[in-house]
Trainee: 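I have a structure here, written as structure tokens, and I will follow up with some questions on it.
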Amino acid sequence: NRAVFLLTYEQLLQRRLGRYRHVTSLRPLQLVSRLSLDVTIADHAPITDLEVLPLQSSRTSSSSPVLPITTEIKQQDNVWRITFSPNIVQQARISTSGILGDFVVRYDVQRELGIGDIQVLNGHFVHYFAPKDLPAVPKNVVFVIDTSASMLGAKMRQTKDALFTILKDLRPGDHFNFISFSNKIKVWQPNRLVPVTPLNIRDAKKFIYLLMPTGGTNIDGAIQMGSSVLREYLSGFDSGQNSVSLIIFLTDGRPTIGEVQSATILGNTRSAVQEKFCVFTIGIGNDVDYRLLERMALDNCGMMRRIPEEADASAMLKGFYDEIGTPLLSDIRINYTESTVGYVTQNLFTNYFNGSEIVIAGKLTNASAESLHVQVTASNNDKNIVLETDVPLQHRQLETERRVKEATAAMTAGAKAPASGSLSGLGFPLGSIAEHFAERVWGFLSVKEGLRARLRSTTTKEREDHIQRATNLSLTYHFLTPLTNMMVEKPVVLADGTMETASNAAPEADETPPAANDLPAKKPITISKTSADGDPHFVVEFPLSKLTVCFNINGEPGHVLSLVSDHKYSGVTANGKLIGAPAPPGSHKQQRTYFSTITIVADRPKRAYIEVTPRKVILDGRDRIVLPCHSTAAVDSGVLSVAVVGKANVTVTIGGNISFVILLHQYKNPAPYQRDHLGFYIGNSKGLSDNCHGLLGQFLHQEVGLAELPVQVGAEPSTVLKVKDRSVPVVHKSRKIYSGTQSVDCWFARNNAAKLIDGQYEDYLMSHMFDTGDWPQGTNRM
């Protein structure tokens with residue numbers, strides 16, 4: 001009578017005010033007999049300044065040093081464990097409603113000084129840059145404050161409290177001004193910014209104290225006035241050359257006076273700002289056009305912050321100002337070796353604020369490169385800063401792999417199931433996530449950039465392109481974004497009160513998997529020799545011609561290859577992603593590549609996505625089901641079925657007349673040149689159309705022939721394979737298939753299958769794992 005729900009998720013913690021902040025919401029809405037929270041934090045760098053805050057409700061944010069009751073903190077090397085397990089009486093003392101609040105852990109890590117921390121893993125890198133101990137850059141700031149009638153009461157009072165505190169934090173060398181707006185716009189110091197002096201601070205406090213909420217909301221007029229004042233100041237002789245300029249704009253409503261159309265307001269703002277300064281926007285409450293504020297900030301190198309209706313606006317306003325109140329660098333550019341790196345996320349930044357962090361991720365495109373050159377250029381006050389270093393890629397990859405294993409082991413050891421021992425199923429998802437964290441950080445940052453670019457788009461086509469790219473990446477990496485959905489279905493309760501048995505459910509982590517003969521009876525599947533396995537070696541069987549042909553594809557790690565492409569006709573697509581490995585000693589190759597992931601898209605009758613790795617199978621359709629590859633299980637929805645034979649193979653059957661068999665190659669103690677990988681075999685191709693394409697699919701309905709070229713005097717006889725209207729030189733070879741259990745004699749085509757396959761290698765590269773793009777029709781390019 002016990003159910004265990006395991007939710008695994010990833011979050012890129014943001015560094016703010018010199019701390020990372022991890023929040024767990026504890027709101028069970030009832031008193032719980034056994035409530036236990038375990039937080040494990042592991043990092044390769046020393047963890048510093050760790051603290052657990054008092055439980056935070058939505059209305060308060062206590063800074064009291066008192067720990068939540070029963071909280072224990074333990075440290076061993078670079079691993080910290082925090083436990084919170086109040087009994088039912090202790091919970092009642094906190095709240096009888098079961099709303100305990102947020103359990104907040106704050107900490108920092110001791111990063112390398114200078115260029116920052118760079119981690120390399122599986123063809124991707126992540127760069128964390130968080131300099132400190134630099135002199136603050138002077139700032140020029142204009143506060144634009146909403147004083148419309150809706151600000152009356154607590155909002156206005158808390159806003160004033162925050163502004164009084166902010167005034168105390170302004171530094172000598174800063175310049176500032178205040179503008180209030182409702183129906184009318186009032187400027188404290190017309191046409192100028194004033195320096196921070198005791199007299200100016202006193203007069204500013206008087207201006208703030210006398211602010212009275214009344215009238216409507218003229219957002220466009222206010223931002224125009226603020227921009228004009230700041231722009232005029234920057235064009236004069238008084239402004240410092242290396243200062244940071246910004247507008248902090250606060251409102252609790254939508255535009256009601258003057259220009260009210262969002263698109264026009266955004267256009268006017270861009271024209272007024274002229275890329276000379278940044279606009280930071282703050283919205284208070286529920287009646288704010290947050291989309292307008294977000295776009296206004298994104299268009300003008302700023303950030304937007306929401307303050308909920310019931311929150312402590314004073315503390316949140318002050319906290320937001322603290323984040324941006326101490327600029328350390330401006331005009332930051334981070335460059336990497338162009339020949340080594342591709343697809344880098346944002347690497348140009350207008351400002352860097354003290355206590356924050358810049359995170360950049362990228363793909364490594366040159367597998368043979370020994371090092372990665374990194375250069376950071378920026379301005380600090382009156383100085384230009386240049387930082388450079390060379391990162392040894394192979395050494396850093398091994399170092400990152402070791403750190404990932406250590407962190408995974410620490411996290412798994414720290415995970416406990418409620419009221420029981422360790423949760424045996426948790427180690428697998430943690431390990432799977434950690435192994436690919438660099439690539440997933442790249443995907444995450446790329447999706448965020450796509451979503452921001454979508455908001456900044458000025459044309460429908462540009463917007464649709466950004467949406468499509470962000471959607472594709474979200475689906476590839478299974479990110480929940482505004483463009484994707486997560487569905488949870490309620491189980492069906494039968495008339496007798498029992499739950500409907502799900503025949504397609506995977507065995508639980510602590511259950512014994514069913515024996516193979518206990519699975520639903522299935523028709524035996526005859527596996528053909530047509531396959532892509534190993535390094536990867538391709539084998540194609542031509543039954544009508546009674547010939548077998550083989551070839552190699554020397555791809556690049558990270559490339560996604562089209563194996564079967566029949567989306568237009570049968571609705572089926574199969575792609576494979578390559579992973580790299582060093583070549584074994586004595587090999588003529590510099591590296592090997594294997595298939596680390598196979599994806600299958602079935603578009604009929606309803607779209608379903610299947611992702612197979614050596615460790616798990618993910619089926620995304622009406623439901624999302626994850627099957628571990630170490631145990632035997634089957635999912636059968638009638639039209640689509642997936643059967644896993646533990647540690648051996650996965651069979652995907654579509655519509656009864658299409659099937660693929662994926663062999664699982666796993667190593668207990670792999671050598672440096674070995675990688676867990678997959679083999680892809682076509683079991684049944686009857687349902688695939690004559691127009692099917694892909695590296696394997698193009699041959700399924702073809703006939704070929706052999707011919708011997710005329711023998712010249714003193715030369716060896718040569719054989720060519722007739723494919724369509726092409727002649728392909730071939731030699732006789734023997735290949736091992738089915739995990740080395742069988743040998744097959746085949747005719748081998750050299751040179752990356754030149755002339756054998758239609759087109760060139762590049763024509764089979766897919767943009768992402770679930771790309772169903774059609775084969776580019778046309779002549780064979782050679």
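This structure is a prediction, so every number in the text was calculated from the model and none was measured. Worth knowing before you read on, the calculation uses all heavy atoms, side chains too, and leaves out hydrogens, waters and symmetry mates.
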Trainee: Is any side-chain heavy atom of Arg21 closer than 4.5 Å to one of Val104?
Mentor: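 With C-beta onward as the side chain, the pair touches.
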
Trainee: Should Arg454 and Glu464 count as an ion pair when the cut-off is N to O under 4.0 Å?
Mentor: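 Here Arg454 does not pair with Glu464 in a salt bridge, since their nearest N and O are not under 4.0 Å apart.
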
Trainee: Under a 4.0 Å N-O cut-off, is there an ion pair linking Lys318 with Asp322?
Mentor: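 Counted as a salt bridge, because a side-chain N and a carboxylate O are separated by less than 4.0 Å.
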
Trainee: Compare every heavy atom of Pro482 with every heavy atom of Leu451, then report the nearest pair and how far apart it is.
Mentor: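 Minimum heavy-atom contact is CD1-CD, 3.9 Å.
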
Trainee: Is the distance between the ring centroids of Phe181 and Phe249 less than 6.0 Å?
Mentor: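 Aromatic pair counts; centres sit under 6.0 Å.
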
Trainee: Do Lys461 and Asp465 sit within salt-bridge range, that is, some charged N less than 4.0 Å from a carboxylate O?
Mentor: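 Salt bridge between Lys461 and Asp465, a charged N being under 4.0 Å from a carboxylate O: yes.
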
Trainee: Hey, what's the ring geometry for Tyr336 with His127, parallel, tilted or perpendicular (30° and 60° as the breaks)?
Mentor: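 Perpendicular, since the angle between the ring planes exceeds 60°.
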
Trainee: Are the aromatic ring centres of Trp188 and Phe176 under 6.0 angstrom apart?
Mentor: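 Centroid distance Trp188-Phe176: below 6.0 Å, so yes.
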
Trainee: Where do Asp146 and Ser148 land on the side chain to side chain donor-acceptor pair (under 3.5 Å) test, with the steps shown first?
Mentor: CA-CA 6 Å; Asp146 185 349; Ser148 61; 2.8 Å; yes

Trainee: Under the side chain to side chain donor-acceptor pair (under 3.5 Å) rule, what do Asn384 and Ser379 come out as? Steps first, then yes or no, please.
Mentor: CA-CA 5 Å; Asn384 290 324; Ser379 297; 3.2 Å; yes

Trainee: Show the atom names and distances, to 0.1 Å, of all donor-acceptor pairs under 3.5 Å that link a side chain in residues 280-295 to residues at least two apart or in another chain.
Mentor:
residue	atom	partner	partner atom	Å
Thr281	OG1	Leu293	O	3.0
Asp289	OD1	Arg291	N	3.4
Asp289	OD1	Leu292	N	3.1
Asp289	OD2	Ser262	OG	3.3
Tyr290	OH	Gly283	O	3.3
Tyr290	OH	Gly285	O	2.7
Arg295	NE	Leu455	O	2.4
Arg295	NH1	Leu455	O	3.1
Arg295	NH2	Leu455	O	3.0

Trainee: Less than 3.5 Å apart, which donor and acceptor atoms pair up between the side chains of residues 221-231 and the rest of the protein, not counting sequence neighbours?
Mentor:
residue	atom	partner	partner atom	Å
Gln224	NE2	Asn268	O	3.1
Ser227	OG	Ile223	O	2.8
Arg231	NH1	Ala272	O	2.6

Trainee: Considering non-hydrogen atoms only, spot the tightest contact between Arg306 and Pro308 and give its length.
Mentor: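 Smallest interatomic distance, heavy atoms only, reads O-CD, 3.8 Å.
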
